[in-house]
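Each chain gets a letter, A, B and so on, in the order the sequences are listed, and its residues count up from 1. From a predicted model like this one, the values you see are computed outputs, not experimental measurements.
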Amino acid sequence: MRIVVCIKQVPDTTEVAIDTEKGILKREGVDSRINPYDLYALETALRLKEELGGEVIVISMGPPQAQAIIKEAYAMGADIGLLLSDRKFAGADTLATAYTLAQGIKTLGKIDLIITGMQTTDGDTAQVGPGIAEYLHWPHISYVTSIIKADLKTLTVTTDMSDTIETQILKLPALITVAKDINQPRLLSYKLKLKTENRAINIIGYNDLTKGEEEFFGLDGSPTQVERIFPPQHDIKREIWQGNAVKLAQCTIAKLKELRYL
Amino acid sequence: MSYLKILTDQCSLCGKCVEACPFNALSQNLQLEVNENCRLCGICVKACPFQALVIERGAKPTANLKSYQNVLIFAEQRGGKLSGVTLELIGKGRMLASKLGQKLFVVLPGDRTEKLVSELKNYPVDAIFVYDHKELAYFRAEPYTAVLYDLIKELKPGIILIGATQVGRSLAPRLATRLRTGLTADCTILDVKPNGDLIQTRPAFGGNVMAQIITPRHRPQLATVRPKVMTPAAKKPSHPKQVFIREVKPEFLDSGISFLSILPKPQETSITEAEVIVAVGRGLKKAEDLALIEELAKSLNGMVAVTRPLVEAGWASYTRQVGLSGRTVRPKLYIACGISGAIQHVAGMSGSDLIFAINKDPEAPIFEVAHFGLVGDFYEILPALIKELE
Ligand SMILES: Cc1cc2nc3c(=O)[nH]c(=O)nc-3n(C[C@H](O)[C@H](O)[C@H](O)COP(=O)(O)OP(=O)(O)OC[C@H]3O[C@@H](n4cnc5c(N)ncnc54)[C@H](O)[C@@H]3O)c2cc1C
Ligand SMILES: Nc1ncnc2c1ncn2[C@@H]1O[C@H](COP(=O)(O)O)[C@@H](O)[C@H]1O
């Protein structure tokens, strides 16, 4: 089975903050890493390869620095890495990102399955996976929680729909996005890391993909525009109470009664 | 806008392109014609022996913005039950439509939908479009996309709202891609400019940032809307409305997905439905102490929720997690015990009607969100509360 896994380099979101004066994101000095949700996608692919044989190809769209996460994927067991990098890809929203990735995937020959993370931690959209599937006219299932059966023609998967558990058979080629519950991603192997240190990463740009379709890529190809960003705000009139536990409990009950909660 | 150009002089009406087109976008009668199904894939260009087809690439893709009017919302149902977010979408959609002086439409794909239609008729919508078929009972990406695309092509709404549920977040991106238009995920605030631009606000970067997004050059504008954030529509059965039953063409149902089983999940009620929630965070010293939280929740007829570290420690199930990567809740009463108030947690509970917080640390950020903050140890306060309640 030839499997493509889409991985993205994201900033460590716990460190992202807003420069309130300038209204821009402070991203300097923030560490980058592989989108944590993509590790589940990669793990899913590696397990399928171990079961069925084949190849795991990781693909990412991003600046040249994103080679770092492809190296990481090599150290987990990915076989081939493809980086789509071009100034013309910059400023892409999910529509243009999905388009670019779909074009990149088309250069890879016959692919049986594409796996993406359920969402990124910077964009949080969960849109790129289904977008790629639509561009390729492949079926897709989002938020897969387990793969029950797999062969070269079909995948039997379950999804947890909060009120039901659904088991579906998916004809390949297809795309799935995987939920966090699907597995426990392996750690990066030091041995593999040494072994793959010099493995090449294919870097391709706009001219390798297609000619004369500038308007589908990057900013030009992005219908959505971020007008502004601002810090989340809570404007609530609040009361803070101090005192011993019994008094605090009594105040609480009195308040709940006053507001007719009791 | 890019389009498929037909050089009539060169065309011999051989029909090779019509056959090759995977989207039924070409037809020929007296001359070859291309319809809106065309996705500029270029397969016909390659199939044509006479070079009679070219893809003309324009500048930026823009739609004739003015021709897209009215608001369409997606009524999500699963196995014959309307999901709660649908009423929230109607509430918001009504407000946007009224502000623009436009109409509010609802599209409902499902199976045996009569009951749902009469339910929807209670609300202030102008028209309900129904696609009723056995195979639409449960969501699958391609049939639902095909059905909505069928309606949208004809209706040309300016704004489409879909719940940011598991279904909506799978459907909306597929649909937006087919429409080649913008989609903003998981909006928590929506408004509209007089020119019809939808102002979409959503948390990003793990809730550290709010982003305000518009789709100025494309129509329709699509947004998924976070459940439990918008106020549900009030009933208004007197509002005049029309119902249209739409044809489900067999090709809409083409799909690479088939169901093996749909099993009901052993149903503990979800915390998203609870009216009272007692939540606990890392202030909890050990898993057994959850009993104390349970006890208070029980005496208030509520449910227990937790912060993420407790789920990660294996002390509680993921279904109990409130926050950005957990559930969004909007109970009447939320009591936070030993929770610091990290932005990712707050994102999931700040819509609660009334918030109490108990924390030892007077500087804890949860006090900025709480209506009433109790500075103290919940291990002492909860037993006192439980006693008072008896
Ligand atoms: C992308 C991303 C998504 C996330 N999603 C979520 C999410 O969905 N939900 C979520 O909850 N978190 C989420 N987090 C984690 C979040 O950032 C915080 O780490 C988490 O919410 C903190 O949980 P806490 O308040 O229980 O723990 P802490 O921050 O450790 O706070 C414990 C609090 O308890 C108080 N305390 C201790 N003992 C007592 C006592 N006896 N009585 C009273 N007070 C006491 C302390 O003063 C302290 O304020 C996410 C993080 C990231 C990066
Ligand atoms: N630039 C990118 N390069 C590679 N994969 C991506 C990129 N952006 C998104 N993805 C994939 O799409 C998934 C969903 O991303 P998002 O729609 O941004 O939440 C991620 O988990 C990745 O698997």
Review point. Looking only at atom types and distance, does a side-chain atom of B/Arg169 sit under 3.5 Å from a main-chain N or O of A/Thr125, one as donor and one as acceptor?
Key: yes
Check your understanding: Which bit of A/Ala174 is near chain B, if near means a heavy-atom gap under 4.5 Å: side chain, backbone, both or neither?
Key -> neither
Review point. Tell me, side chain or backbone of B/Ala211 under 4.5 Å from chain A's heavy atoms, or both, or neither?
Key: both
**Study point:** Derivation and outcome, side-chain contact (heavy atoms from CB on, under 4.5 Å), residues A/Phe230 and B/Thr201
**Key:** CA-CA 10 Å; A/Phe230 55 96; B/Thr201 305; 3.7 Å; yes
Revision key, fill the gap. Honestly, the part of B/Phe378 sitting under 4.5 Å from a heavy atom of chain A is neither
Review point. Side chain, backbone, both or neither: which part of B/Phe367 has a non-hydrogen atom closer than 4.5 Å to chain A?
Key: both
Check your understanding: Side chain, backbone, both or neither: which part of A/Asn244 has an atom under 4.5 Å from a heavy atom of chain B?
Key -> neither
Review point. Quick one: what part of B/Glu142 sits under 4.5 Å from any heavy atom of chain A, side chain, backbone, both or neither?
Key: side chain
**Study point:** Under 3.5 Å donor-acceptor, B/Glu380 side chain and A/Val246 backbone
**Key:** no
Review point. By a 4.5 Å heavy-atom criterion (distance strictly below it), what part of B/Ile335 contacts chain A: side chain, backbone, both, or neither?
Key: neither
Review point. So which of B/Thr177, B/Leu183, B/Leu179 actually passes side chain to side chain contact (heavy atoms under 4.5 Å, CB included) with A/Leu95?
Key: B/Thr177
Exercise for review: Counting only heavy atoms closer than 4.5 Å, note whether B/Lys332 contacts chain A via side chain, backbone, both or neither.
Suggested key: both
Review point. For A/Ala98, is it the side chain, the backbone, both, or neither that has a heavy atom closer than 4.5 Å to a heavy atom of chain B?
Key: neither
Review point. Without hydrogens or angle criteria, can the side chains of A/Thr224 and B/Thr215 be said to hold a donor-acceptor pair below 3.5 Å?
Key: no
Check your understanding: When you check the side-chain N and O atoms of B/Arg78 and A/Thr164, is any donor under 3.5 Å from an acceptor?
Key -> yes
Review point. Is it true that B/Arg140 and A/Glu166 make a salt bridge, defined as a side-chain N closer than 4.0 Å to a carboxylate O?
Key: no
Point to revise | Candidate pair B/Phe356 and A/Lys255, rule side-chain contact (heavy atoms from CB on, under 4.5 Å), full reasoning | key: CA-CA 10 Å; B/Phe356 278 81; A/Lys255 196 49 131 185; 4.1 Å; yes
